[in-house]
Amino acid sequence: MGTALLYDEEMTRYKLLWLDPDCELERPERLTASHEALVSCGLAARCVSIPVRQATDDDILLIHSEEYLEAVKKTPYMTLEDLREFALVYGCVYFHPNSYRCATLAAGAALQLVDGVMTGRVRNGLALVRPPGHHSMRSAANGFCVFNNVAIAAKYAQQKYGVQRVLIVDWDIHHGQGVQYAFEDDPSVLYFSWHRYEHQKFWPELRESDYDSVGKDKGAGFNINVPWNKVGMQNSDYLAVFFHVLLPVAYEFCPDLVLVCAGFDSAIGDPEGEMCATPDIFAHLTHLLMNLAGGKLCLMLEGGYNLTSLSQSVCVTVRTLLGDPAPRPANLQGPCQSALESIQCVRAAHRKYWSCLKLAAGAPPSEVSTKRIKLEEKEREEKLQRGEAADSKAGITWPQPQTCVLPPVRTAVVIPEEMACPDGCKRFNLSQHADSLSDKCDPPLFHQNNHNGPLESHVLSFPLSLHAVSTLSSLTVLLGKMEKNEICNGLAVVGDVSMAMAPVIQHATSLKQRVLVVCVGGTEVPSHLPEDGTTLTVHISKEAPEEPSCKYYIPVRLKNSCGDTSGFAQAILSVLLPLAYEYDPALVLLTRLPGSGGLNDGAWQQLVSLLQGLAWGHVLVLVQECHKALVKPTAAALSGSPAPSLGRLPAPVVEDFEALERLRVRLQADWMLLRTSVQESGAEDN
Ligand code: SS9
Ligand code: ZN
């Protein structure tokens, strides 16, 4: 199952024909540059190319009025003067004689992508289109947009495929008010948007773009606005919103399909957004959405006006859709105070609608209205002091997104011989790698193996102790190969996970690399854990101790074991992932110990999939022999299959949920990505 790319040169054949500083950003090169970048780094060739079609009248009428459609239909026959006048009726938009045709192609491309994903022809995809769509309304063009491509696609999917719940994630830096209006009272479409807002000073300057527009009537709770009240937001601000707002709600909503208003004007260098998130971040935003709806993910281009930033972001995004590992999320600081304020407000506004937010602080920070004024004054002072009023946009540079050579093997498995090698994996045992043993393996292990019969006869023919030794040796070699990036990830079935962990940790930390250890289940604190920060251990279990013993050992105690999927999901999304991203390991060691009863395979697969966003995808999973049945689902997740949907999550078990929240609050001092509210005591407030 591949990744679709939809593109048609025809959509480059319209442009601004008069002078208008507000509209000149939206030009054909946005599409040609993005497409050429995809071709030249070999990504376009790896995608399934699906032809674009024109949306029909019926398609367009799913969202727009007949009057509006008829009016737009006349534009190809208008004179330049008429076109100009027609555009003036709306806001920030221009028309060209070919605009109508391109707008039908843009919407049609979105529908073709939905068809491709819903029929299972492809897993996911990106439609490279213009004009964009998210600002256009039932009877109005707006903000370069003519037809609302994504809104039409959502309705189409519901109508044609009986899709029940659609999640729309709008990561463009502008508020897609057109999408909001289309689904405001509709609980079957959850619309999430973050946008530059600056307390309503930024276009489109709407009161209803603020955090307190949560949807109407039956749709209350299904519209989520995250206003950015300052420019310069960074990777950690975006990630914090994903971890503490979007993802918990999205998992609770349980969409059947995810659509993204994929505007890249939210990336650094964009003249409209003026944000500082790097193109790399889109690998993570994409990756974090890829396990919802069983992987059914359709991205439609919206904005993005810096051609370099846009092209880089598009490439990183498509690479991730294709399943390549995401770059390390390096140097994450915590979210800034302004971002925290927004996060706190959104969580408070939505706590009555979503059980995952039930324990969120009940009120926005202090008095938001007076706070606004204070903030504005402060900003002005700061800007004056730094003398950065006019020249703030000049000379922004950022490093090129990193890419790594794809390892020849994605998933290696060290499993008993009688088990079939899971699809898409490579069986890994010592005999095939005897050459690398001499330099990679600890001598004692090597000699023991070497003296006790031919390695070819493999594990089960050895006495148990030697089986264990041989497995450990295989693991060591496997780790070496992961380090050299010859193998991306691995899975091993071992006789005793606790015993197997120690040498693996030792080996990895001896190389001065940070290792994230995630233990699921297990009755006691894993031994031999270094406390110097070379490993961070997160231990999720009903037997986990109540208190962290040091900054780098974090017990997550789920009394009801891991059988409460809601609690487990919350632990992953709002505790484990933020910790993991902030720690930025070079290797993830995921272990499944006895005593993880009740955890269902789907939840386990979510964990395996999500952790692959770290460490360039270098994840090593150890499961105990009694958990052999986990080999298949684990291997599937490691080799890139999306985890199955968790289903509609019930309210989490209160006791566990409260404990999780207490833990998160307690750890906030050390781990800034766990923060969800402003420090009321801080200097910021006085
Ligand atoms: C008004 C500037 C308006 C409109 C940008 C629309 C972007 C759509 N002075 N800019 S993604
Ligand atoms: Zn935009």
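FYI, side chains are in, hydrogens and waters are out, and symmetry mates aren't considered; it's all heavy atoms of this structure. Indexing begins at 1, ligand by ligand and atom by atom, following the structure's order. Positions are given from 1, in the same order as the sequence printed here.
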*Would you check whether His174 reaches within less than 4.0 Å of ligand 1, judged by its heavy atoms?*
yes
*What atoms in ligand 1 come closer than 4.0 Å to a heavy atom of His134?*
11 (S)
*Quick one: angle Asp265 OD2 - the Zn ion (ligand 2) - His174 ND1, to the nearest 10°?*
100°
*Is there an N/O/S atom in Asp172 at a distance below 2.8 Å from the Zn ion (ligand 2)?*
yes
*asked:* Measuring from atom 11 (S) of ligand 1, which candidate in Tyr305, Trp203, Phe202, Phe264 has the nearest non-hydrogen atom?
replied: Tyr305
*For ligand 1, does Asp265 get within less than 4.0 Å through its side chain, its backbone, both, or neither, judged by non-hydrogen atoms?*
side chain
*asked:* Can you tell me if Pro132 contacts ligand 1 (heavy atom of the residue under 4.0 Å from the ligand)?
replied: no
*Checking Arg130 against Tyr14: charged group under 6.0 Å from the ring centre and within 45 degrees of the axis?*
yes
*asked:* Does only the side chain of His135 get under 4.0 Å from ligand 1, or the backbone, or both, or neither? Count heavy atoms.
replied: side chain
*Which atoms of ligand 1 are found less than 4.0 Å from any heavy atom of Asp22?*
1 (C), 2 (C), 9 (N)
*Please determine if the Zn ion (ligand 2) has an N/O/S atom from Glu272 lying under 2.8 Å away.*
no
*For ligand 1, does Asp172 get within less than 4.0 Å through its side chain, its backbone, both, or neither, judged by non-hydrogen atoms?*
side chain
*Is the distance from the Zn ion (ligand 2) to some N, O or S atom of His135 under 2.8 Å?*
no
